[in-house]
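This one's a predicted model, so the numbers in the text were calculated from it and none came from an experiment.
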Amino acid sequence: DQQVKQNSPSLSVQEGRISILNCDYTNSMFDYFLWYKKYPAEGPTFLISISSIKDKNEDGRFTVFLNKSAKHLSLHIVPSQPGDSAVYFCAGPPGNTGKLIFGQGTTLQVKP
Amino acid sequence: NAGVTQTPKFQVLKTGQSMTLQCAQDMNHEYMSWYRQDPGMGLRLIHYSVGAGITDQGEVPNGYNVSRSTTEDFPLRLLSAAPSQTSVYFCASSRGAKGTVYGYTFGSGTRLTVV
């Protein structure tokens, strides 16, 4: 049972344009969602989070949108830069369990 | 400040051998977790701990054991390695009650190959 799903394995965009990464979830018990970024041969790094009581959170070039009725969230990167090329994971904690469940990841390539 | 330290970085095992992947954090974090990353599967939770002396199973716990005798350390044991355990393993820790607002801090990973 995949509670957090990222259905697009890869995305390619031009530098300066918007990147939109999508994530769907099946469990309504998630209180927060997080996005992580991962470069090859490194551990994932925390990027941005959103509480389930909000529908938007912004941090510089990164904005996360949450649509609770659709059980869908998305990460927008504007403008995209070549250094943003990485694997992006969405994640959430199901209920008050202390564990974090990740999606399959989306590989973003930003072309100069 | 070292953060989350994993050792070793690389390891090759023969089928049936045992080993322990080490994880240590110096941030006094309560929550620690082990994940494995496989192509197309994302990061899957193996075991996690919400404090010293407390552990629980994640999504893929079979073949792995953990213990948490101190706040700092959270070793992952493979009792009898199998080729299906070939993967990259990540340890993570968090100070938050739910590890969400603050996010989890990850180590740099251990690449394990079982032949």
Connected via hydrophobic side-chain network under 4.5 Å: A:Phe65 and A:Phe62: no
State yes or no: do A:Leu108 and A:Leu73 share one hydrophobic cluster built from I, L, V, M, F, W and Y residues joined by side-chain heavy-atom distances below 4.5 Å, directly or via other members? yes
Centre-to-centre under 6.0 Å for B:Phe106 and A:Tyr36, is that the case here? yes
With ring centroids as reference points, do B:Tyr35 and A:Phe102 lie under 6.0 angstrom apart? yes
Can you confirm whether more than 12 heavy atoms, excluding those of [X], are under 6.0 Å from its [atom1] atom?
X	atom1	value
A:Lys54	NZ	no
B:Arg111	CZ	no
A:Arg17	CZ	no
B:Met41	CE	no

Considering only heavy atoms, which portion of A:Ala91 lies under 4.5 Å from any heavy atom of chain B: side chain, backbone, both, or neither? neither
Sort A:Pro9 into side chain, backbone, both or neither according to what part of it lies under 4.5 angstrom from a heavy atom of chain B. neither
Please round to the nearest 0.5 Å and tell me the distance separating atom [atom1] of [X] and atom [atom2] of [Y].
X	Y	atom1	atom2	value
A:Glu42	B:Phe90	CD	CZ	9.5 Å
B:Leu43	A:Phe89	CG	CZ	4.5 Å
A:Gln104	B:Gln37	CD	CD	12.0 Å

Less than 4.5 Å apart, side chain to side chain, heavy atoms only: is that true for B:Glu59 and A:Ile101? yes
